[in-house]
Amino acid sequence: MTTAEQSILQVHGLARTFGGIVAVNDFNLDVQAGSIHGLIGPNGAGKTTTFNVISGFYAPSRGKVVYLGEDISGRATSALAELGLIRTFQGTTLFHELSVHDNVCLGCHRSAKAGLVKRILGTDRASEEAAEQKAHSILEFLGLEKLADELTANLSHGHQRALGLAIALAADPKLMLLDEPFTGMNPEETRRMIELVKLVREEQGVTIMLIEHDMQAVMGLCDAITVMNFGTLLAEGTPEQVRNNPAVIEAYLGSASDAA
């Protein structure tokens with residue numbers, strides 16, 4: 001099997017400029033199907049811009065994004081979601097006035113093939129029931145079923161981030177892009193979230209790509225890591241290779257021990 005056949009996502013010569021500012025320049029990336037792939041780098045390295053181009057929020061200024069062998073450069077986020085490319089955000093978007101279960105039900109609207117308005121109004125009962133059953137299964141899978149009736153506003157930060165993962169899972173992702181999934185978590189919440197990400201990959205077969213600043217989490221979770229600096233590719237490889245790369249140590253990690 002060739003590298004291309006194993007890849008779920010490839011980025012070729014990607015560039016994105018904003019006026020005269022070059023945010024990403026001649027960047028290449030290859031994400032293997034079934035992997036957990038980290039994208040790291042200092043603040044301003046171009047990670048979020050790269051995520052935004054891959055997920056359809058920005059069109060590339062140059063280069064292309066290939067997903068499942070198809071050029072998806074510049075496609076709308078809704079079209080990419082239909083293909084199973086799902087993006088989460090650092091600031092998880094939740095309906096705080098609704099219950100945990102209802103939040104996940106709303107996340108099921110694409111795969112349940114019911115209009116969101118119809119679902120809210122209760123005029124498509126069969127699809128609504130299917131979404132409710134699916135939401136229950138997802139909450140059970142992620143160990144959140146005891147919180148199903150809890151008002152989302154009352155959840156801890158860690159549980160809110162786990163709920164964001166549940167909502168993303170409701171959209172039937174093949175590739176899930178996680179934007180700083182461990183931000184603001186205490187060590188126990190981080191440990192739990194790491195286990196959930198692993199579970200999604202291992203039990204659901206979802207490929208995971210994530211941006212993250214928690215180096216301990218990245219090194220312990222990812223199969224492969226790509227390092228950006230100044231909008232370009234600095235290094236990539238296994239966690240061990242990246243941890244011991246002199247260029248990475250100098251540009252980002254500070255010292256090899258910081259990444260341990």
Side-chain angles (χ1 to χ4, degrees), residues 36 51-52 54-57 67-68 75-185 189 192-210:
I36 299 178
F51 253 37
N52 285 337
I54 292 171
S55 56
F57 286 90
Y67 168 68
L68 293 174
R75 290 197 193 178
T77 56
S78 57
L80 296 181
E82 289 291 335
L83 297 174
L85 197 162
I86 305 297
R87 162 86 181 275
T88 71
F89 294 86
Q90 181 179 349
T92 303
T93 303
L94 303 173
F95 292 95
H96 291 274
E97 69 279 11
L98 298 180
S99 70
V100 167
H101 181 268
D102 286 346
N103 267 270
V104 182
C105 277
L106 291 177
C108 294
H109 70 90
R110 179 183 69 83
S111 56
K113 302 189 184 301
L116 183 59
V117 173
K118 286 184 178 180
R119 289 259 322 290
I120 292 174
L121 295 177
T123 56
D124 191 340
R125 187 59 194 167
S127 293
E128 185 179 354
E129 289 177 353
E132 288 177 354
Q133 292 174 3
K134 182 177 179 181
H136 176 76
S137 296
I138 290 171
L139 291 174
E140 188 174 35
F141 173 72
L142 294 176
L144 298 172
E145 69 275 11
K146 292 182 180 178
L147 298 173
D149 296 325
E150 186 70 47
L151 197 66
T152 300
N154 296 335
L155 297 181
S156 67
H157 177 71
H159 280 140
Q160 287 194 10
R161 299 309 292 268
L163 176 56
L165 188 65
I167 293 170
L169 196 56
D172 295 332
K174 295 182 177 69
L175 172 62
M176 190 183 294
L177 306 181
L178 304 180
D179 190 352
E180 301 194 23
F182 311 118
T183 295
M185 290 187 176
E189 288 173 332
R192 174 59 180 158
M193 191 64 170
I194 287 173
E195 292 305 312
L196 291 181
V197 172
K198 287 181 178 178
L199 194 66
V200 168
R201 189 267 295 269
E202 293 166 4
E203 298 295 329
Q204 299 293 323
V206 178
T207 304
I208 308 287
M209 186 177 176
L210 58 90

Trainee: Measure across Gly107 and Ile167 and return the closest heavy-atom pair with its distance rounded to 0.1 Å.
Mentor: CA-CG2, 4.1 Å
Trainee: Does atom CZ of Phe95 have more than 12 heavy-atom neighbours, drawn from other residues, nucleotides or ligands, at distances under 6.0 Å?
Mentor: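 Atom CZ in Phe95 is not crowded, with 12 or fewer foreign heavy atoms closer than 6.0 Å.
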Trainee: Distance from Asp179 atom CG to Met209 atom CE, nearest 0.5 Å?
Mentor: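 Rounded to the nearest 0.5 Å, the CG-CE separation comes to 11.0 Å.
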Trainee: Nearest heavy-atom pair of Phe51 and Leu177: which atoms, and what distance?
Mentor: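 That closest heavy-atom pairing would be CE2-CB, 3.6 Å.
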Trainee: Rounded to the nearest 0.5 Å, what separation is found between the CZ atom of Arg192 and the CD atom of Glu195?
Mentor: 8.0 Å
Trainee: Measure the spacing between NE2 of His96 and CG of Leu155 and express it to the nearest 0.5 Å.
Mentor: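 Answer for the NE2-CG pair, His96 versus Leu155, is 9.0 Å.
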Trainee: Is there side-chain contact between Leu106 and Leu98, with at least one heavy-atom pair below 4.5 Å?
Mentor: yes
Trainee: Using 0.5 Å steps for rounding, measure from the CG atom of Asn52 to the CZ atom of Arg87.
Mentor: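 Atom-to-atom, Asn52:CG and Arg87:CZ are 4.5 Å apart.
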Trainee: Taking C-beta and beyond as the side chain, do Leu165 and Met193 meet within less than 4.5 Å on heavy atoms?
Mentor: yes
Trainee: What pair of heavy atoms forms the shortest contact from Leu68 to Leu83, and how long is it?
Mentor: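 Residues Leu68 and Leu83, closest heavy atoms: CD1-O, 4.2 Å.
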Trainee: Considering only heavy atoms from C-beta outward, does the side chain of Lys134 approach that of Asp172 to under 4.5 Å?
Mentor: yes
Trainee: Any side-chain heavy-atom pair from Glu132 and His136 closer than 4.5 angstrom?
Mentor: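 Sidechains of His136 and Glu132: no contact.
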Trainee: Run the numbers on Met176 and Arg201 for side chain to side chain contact (heavy atoms under 4.5 Å, CB included), then give the verdict.
Mentor: CA-CA 10 Å; Met176 190 183 294; Arg201 189 267 295 269; over 6 Å; no
Trainee: Show the numbers, then the answer: is there a side chain to side chain contact (heavy atoms under 4.5 Å, CB included) between Leu163 and Leu142?
Mentor: CA-CA 9 Å; Leu163 176 56; Leu142 294 176; over 6 Å; no
Trainee: Please name the pair of heavy atoms, one in Ala162 and one in Leu196, separated by the smallest distance, quoted to 0.1 Å.
Mentor: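 Distance-wise, the nearest heavy atoms are CB-CD1, 3.8 Å.
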Trainee: For the pair Tyr67 and Leu80, evaluate side chain to side chain contact (heavy atoms under 4.5 Å, CB included) and give the outcome as yes or no after the intermediate values.
Mentor: CA-CA 9 Å; Tyr67 168 68; Leu80 296 181; 5.6 Å; no
Trainee: Let me confirm one number: the NE2-CD distance from His159 to Glu189, rounded to the nearest 0.5 Å.
Mentor: 8.0 Å
Trainee: At their closest point, which heavy atom of Leu139 faces which heavy atom of Ala148, and how far apart are they?
Mentor: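 For Leu139 and Ala148, the tightest heavy-atom pair comes out as CD1-CB, 4.0 Å.
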Trainee: Are any non-hydrogen side-chain atoms of Lys198 and Ile194 less than 4.5 angstrom apart?
Mentor: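 Heavy-atom side-chain distance check passes, below 4.5 Å.
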Trainee: Might you point out which heavy atoms bring Leu151 and Glu97 nearest each other, and give the distance in Å?
Mentor: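 So the minimum-distance heavy-atom pair works out to CD1-O, 3.2 Å.
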Trainee: Out of curiosity, Ile138 CD1 to Cys105 SG, how far, rounded to the nearest 0.5 Å?
Mentor: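 These two atoms lie 9.0 Å from each other.
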